[in-house]
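Encoded as structure tokens, the structure appears first; notes follow it.
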Protein chains: 2
Amino acid sequence: MPTSPTRDLIIEKADALFYEGGFEATSFADIAAIVGISRGNFYHHFKTKDEILDAVISRRMTRTRATLEDWEIEDERPRYRILSFVHMVIANQTEIMAFGCPVGTLCSELAKLDHVSKGRAADIFSLFRDWLAGQFRALGAGDRADDLALHILGWSQGVAVLASAFHDEAFIRREVIGITTWLDSLPNLSHHN
Amino acid sequence: MPTSPTRDLIIEKADALFYEGGFEATSFADIAAIVGISRGNFYHHFKTKDEILDAVISRRMTRTRATLEDWEIEDERPRYRILSFVHMVIANQTEIMAFGCPVGTLCSELAKLDHVSKGRAADIFSLFRDWLAGQFRALGAGDRADDLALHILGWSQGVAVLASAFHDEAFIRREVIGITTWLDSLPNLSHHN
DNA sequence: GTCTATAGCCGGATAGAC
DNA sequence: GTCTATCCGGCTATAGAC
């Protein structure tokens, strides 16, 4: 896969525009205008709009992996690693209240479009899911680890959807406290990690 | 507001198409084709696409109110009324796994489009929210009633998002059991209603 | 690698006959 | 109330000059 500064800039700007305005509603002209190139030049880098989407998803996958690694480096205790995930909804609350979760809303849109890349979008969710399951396993959750991972992933998605619909910061904070309490109350898991 | 069989049919079909394919991705031609009328005739009933969206949201509001009334008639015990809400995600699991929640996905899309009707879409959520809060008040939740309503609404939204991303029926069932258990474990609430 | 110009299509919206 | 015909604009995508 070729790489160039212009290409990278296109992907970066497209990523933001797809998040803020949706994939379908974002046109080549929109991206070209923000990047500062002509529409014609665009096609030197990407032949179709789907190719850009693919590159955007790949970018998000790479960045997600990097974030997960950062969280692992920041704290070796699984409980705090999981809380790093949970606190994302507070760290990004302004964007979430405006545009929802970038992963959840992309999956929802691509599902309705029945787009070929809808599975790849869900793969971003899987990165979080598998990583969270790993942390729950480290906490001694055993076979329940994946269920717990899915549960906390879904919880955060619900927070994002309602935060966007109601623009309610207090709700976000309450739910984050709720998740933290839930985490500490899990039976048979160590409360000291 | 005028009413006619054709107009009603347009709204009904548009409602389904907006849900299954998204608002923006659904064209006048798509709706006209399914309704069985010409595009020109369309404009006799609706002057703009936004007018159709408005009518669709109104239809959903009306139908939601009717559903809430049905749940009240079916059982006078608040706990079972709340469970009627919760079991929607199982009753509609096929559609939810394919297209997500009709309310949540519409709110997400309109938020990104910064559409004038995004607030009206969120009003559908408010119908559920206020009704649920009423049930929690009847359970003796007092000031916490609205928080609990938002919590369970968000929970169901998270289930819908992940059910659609992962197409996982077992996950839906587990979460419904989880909500039921949570409901029964709420402190200071009667467990017999 | 970047540009201009343009093709070709489909979107929403309108006019006017029947 | 329903139709056909049509306009206009924006969209994706292409061709070809520089």
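Each chain gets a letter, A, B and so on, in the order the sequences are listed, and its residues count up from 1.
Checking side-chain atoms of Q135(A) against main-chain N and O of R79(A) turns up no donor-acceptor pair under 3.5 Å. Between the side chain of K112(A) and the backbone N or O of Y19(B), at least one donor-acceptor pair lies under 3.5 Å.
Around the CG atom of D143(B), the shell of radius 6.0 Å holds no more than 12 heavy atoms that belong to other residues, nucleotides or ligands.
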Show me the donor-acceptor pairs within less than 3.5 Å that the side chains of residues 82-97 of chain B make with the rest of the protein, sequence neighbours left out.
unit_1 : atom_1 : unit_2 : atom_2 : d
S84(B) : OG     : Y80(B) : O      : 3.2
H87(B) : ND1    : L83(B) : O      : 2.8
N92(B) : ND2    : M88(B) : O      : 3.4

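Going from atom CD1 of I31(B) over to atom P of dA13(C) covers 11 Å, rounded to whole Å.
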Original post:
Nucleotide by nucleotide, 5' to 3', does protein get under 4.0 Å of the base (B), only the sugar-phosphate (S), or neither (-) in nucleotides 1-13 of chain D, counting heavy atoms?
Top reply: BBBB------SSB
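Residues satisfying the salt bridge (charged side-chain N to carboxylate O under 4.0 Å, His left out) criterion with D54(A), sequence neighbours excluded, are R120(A).
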